[in-house]
Student: 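Shown below is the structure under consideration.
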Amino acid sequence: MKLTSGRGARLAGGLALAVSLVLMATGATAQPLRATGEVRVDQPGVTIAPEVYGQFMEQLGTGIDEGVWVGPDSPIPNTRGFRNDVVEALRALDVPVVRWPGGCYADIYHWRDGIGSRDQRPVTLNRWWGDKEEGNAFGAHEFFEFAELIGAKTYLSVNVGSGTPAEAADWIEYITSPSHSRLAELRRANGREQPWKIDYLGIGNEPWGCGGRMRPSWYADLLRQYVGFVAPTGQKAIIVAAGPNSDDVDWTRTLMSVAGDHLDALALHYYTLPTGDWTTKGPATGFDESQWTSTFVQTYRMEAMIAAHDAVMDQTDPAGAKILAVDEWGAWYDPTPGSPPGWLQQQNSLRDALLAAVNFNIFHRHADRVRLGNIAQMVNVLQAMILTDDERMVLTPTYHAFEMYRPFQGATVLPLEIRSPDYGPLKAVDGTAARGLDGKVHLALVNLDPGRPVEVALSVAGGTARRVSGRILTAAAMDGQNTFDAPKAVMPAPFTDARVRGDVVIVRMPPKALVVLTLD
Ligand code: AHR
């Protein structure tokens with residue numbers, strides 16, 4: 001159709017205006033920023049432990065009940081009580097490890113409440129999370145069965161804050177003993193012949209806070225005591241000590257010097273709050289650009305924290321044998337208005353996907369020390385992968401970021417240098433590169449600028465790239481989100497704006513976008 005005069009010309013003008021308004025809204029007409037850099041494909045570094053892509057599920061709100069567990073009699077399609085849709089979505093993520101039962105809940109959880117016939121289990125009160133009445137349908141058997149269903153390793157946290165070493169030791173024996181002891185026979189009577197494997201064993205949770213308000217030296221001694229009783233016989237579990245709150249390096253120093261020989265990993269918890277203020281964290285959606293920026297400023301604190309704890313750990317563990325386990329991380333916003341108090345429900349948006357990507361990049365930069373990570377939390381709680389509402393399920397932008405980064409699980413870090421223009425107090429472009437288990441070079445780039453596109457020219461050193469292909473995750477709005485009515489609004493799409501010119505890969509990224517590429 002030719003539109004040259006009269007009504008046609010007006011239509012053409014209107015169309016052009018509409019197109020440019022859309023382009024302006026997406027930032028595509030703004031002058032592109034330019035970034036340069038280099039990836040060295042001939043200098044493989046350390047391996048990215050798949051376990052940094054782990055998940056965390058706590059008995060909290062609808063994180064487990066309704067989100068994962070609906071019971072075998074539910075009209076929602078399920079396998080022995082576990083939602084089929086959620087299990088299938090998680091299997092597609094290759095979840096390497098899942099942590100349970102908490103969180104703060106771990107230190108009020110008494111495992112005997114969660115075994116035996118489900119209709120006989122007691123109702124207990126979840127005093128940390130809204131005083132919710134817990135029916136205890138999801139206990140140890142359900143946890144290990146669920147981990148098997150999604151193909152994940154297990155990370156179990158025992159109760160230190162309000163429990164005893166004897167209670168914890170009994171639980172471990174119940175779960176792991178191949179013997180004919182009273183507890184192993186009880187497990188059999190409850191339907192499980194073979195012992196389960198505990199891959200990671202957490203000794204309490206946040207003992208500096210909800211886990212007992214302890215001082216580091218007190219907890220360090222308790223850790224030594226617990227470890228003496230709980231280590232499973234006949235299998236090796238990685239012992240995860242409850243570690244520092246954010247940047248508390250004194251905690252790390254004390255733990256490493258008093259109990260360094262009794263732990264394999266030290267946990268670090270850090271949550272990203274847009275405002276940095278626990279009383280008014282900032283909304284999950286409907287935020288302005290200043291909160292977009294401050295969210296990323298806050299999340300980049302993770303990098304300095306890891307470096308600081310790593311440096312302290314280096315003093316007694318220069319070989320890096322001990323793991324820094326970032327076993328709670330993610331965005332924590334003001335709860336969804338009207339949601340039940342203490343259920344930590346929040347919507348998830350494009351901002352969360354980019355935040356996840358930035359944290360993955362940070363973990364990769366510290367892959368020698370950070371070899372376990374668990375985002376908080378898996379379903380319906382905080383920065384979730386999945387939201388459910390009765391029989392409906394939605395995959396969040398964070399889910400898609402995890403899915404796009406799958407090639408980095410077990411990959412080998414490659415040196416990547418990016419010279420990026422500024423975006424306010426930040427660099428606009430962040431990235432990571434690695435050689436995947438498939439032998440190919442994978443590259444992830446994030447453009448944090450919500451208003452301007454960026455052209456990234458990356459030279460490939462030490463090898464050649466003939467072809468580049470990949471996918472992009474972006475949205476028209478900073479808080480672009482998936483809802484139950486529009487579950488596919490923010491989805492990865494094929495990316496066609498990357499090409500190879502000589503030994504340079506040129507990537508034209510729109511504003512506020514994540515691109516994951518493969519070089520052949
Ligand atoms: O993930 C929510 C809570 O945050 C956890 O229970 C606790 O460990 C942390 O403070």
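Count residues from 1 along the sequence. Atoms within a ligand are numbered from 1 in the order they appear, just like the ligands themselves.
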Student: Considering only heavy atoms of L382, which atoms of ligand 1 have at least one such atom less than 4.0 Å away?
Tutor: 1 (O), 2 (C)
Student: Could you verify whether a donor N or O on one side chain and an acceptor N or O on the other, from N136 and R112, lie under 3.5 Å apart?
Tutor: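 Short answer, no.
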Student: Whether the T62 and N380 side chains hold a donor-acceptor pair (N or O, under 3.5 Å, no angle test) is what I'd like checked.
Tutor: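 There is such a pair (donor and acceptor under 3.5 Å, judged by atom type) between the side chains of T62 and N380.
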Student: N/O to N/O below 3.5 Å, does that happen between W332 and ligand 1?
Tutor: no
Student: Could you tell me whether R224 and D261 have a side-chain N and a carboxylate O separated by less than 4.0 Å?
Tutor: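 Judged by the 4.0 Å cut-off on N to carboxylate O distance, R224 and D261 do not form a salt bridge.
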Student: Would W129 count as a contact of ligand 1 if the rule is a heavy atom under 4.0 Å away?
Tutor: yes
Student: side-chain hydrogen bond (donor to acceptor under 3.5 Å, both in side chains) between D479 and Q347: does it pass, once the steps are laid out?
Tutor: CA-CA 9 Å; D479 65 349; Q347 178 53 294; over 6 Å; no
Student: Would you mind writing out the side-chain donor-acceptor pairs for residues 291-299 within the sub-3.5 Å range, not counting sequence neighbours?
Tutor:
from, atom 1, to, atom 2, distance (Å)
W292, NE1, L448, O, 2.9
T293, OG1, E289, O, 2.9
T293, OG1, Y423, OH, 2.9
S294, OG, P274, O, 2.9
S294, OG, S290, O, 3.2
S294, OG, Q291, O, 3.3
T295, OG1, Q291, O, 2.5
T295, OG1, R351, NH1, 3.0
T299, OG1, T272, OG1, 2.7
T299, OG1, N359, ND2, 3.0

Student: Counting from 1, what ligand 1 atoms have a heavy atom of F56 closer than 4.0 Å?
Tutor: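 Once the distances to F56 are compared, the set is 1 (O).
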Student: Counting from 1, what ligand 1 atoms have a heavy atom of Q377 closer than 4.0 Å?
Tutor: 1 (O), 2 (C)
Student: For atom 8 (O) of ligand 1, what's the nearest protein heavy atom and its distance?
Tutor: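 Nearest protein contact, heavy atoms only, for atom 8 (O) of ligand 1 is E328 OE2, 2.7 Å.
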Student: Would you say D310 and H366 are linked by a side-chain donor-acceptor pair, where the criterion is simply a distance under 3.5 Å?
Tutor: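 The answer is no; no qualifying pair exists.
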Student: Is V381 touching ligand 1 with its side chain, its backbone, both, or neither, if touching means heavy atoms under 4.0 Å apart?
Tutor: neither
Student: Work out whether the distance between some heavy atom of Y271 and some atom of ligand 1 is less than 4.0 Å.
Tutor: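 A heavy atom of Y271 does come that close to ligand 1.
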Student: Report yes if G103 has an N/O atom closer than 3.5 Å to an N/O atom of ligand 1; otherwise report no.
Tutor: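 For ligand 1, there is no N or O atom that lies under 3.5 Å from one belonging to G103.
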Student: Any idea which protein heavy atom is nearest atom 10 (O) of ligand 1, and the distance to it?
Tutor: E206 OE1, 2.8 Å
Student: List every atom of ligand 1 that sits less than 4.0 Å from any heavy atom of C104, numbering the atoms from 1 in the order shown and giving each element.
Tutor: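 It comes down to these atoms of ligand 1: 5 (C), 6 (O), 7 (C), 8 (O).
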Student: Counting from 1, what ligand 1 atoms have a heavy atom of E58 closer than 4.0 Å?
Tutor: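 So the answer, numbered in order with elements, is 1 (O), 2 (C), 5 (C), 6 (O).
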Student: Please report, to 0.1 Å, the donor-acceptor pairs under 3.5 Å made by any side chain of residues 230-245, with sequence neighbours excluded.
Tutor:
from, atom 1, to, atom 2, distance (Å)
Q235, OE1, I198, N, 2.9
Q235, NE2, W196, O, 3.1
K236, NZ, D264, OD2, 2.8

Student: So that I can tick it off, tell me whether R392 and D485 are bridged by a salt bridge, with the cut-off set at under 4.0 angstrom between side-chain N and carboxylate O.
Tutor: yes
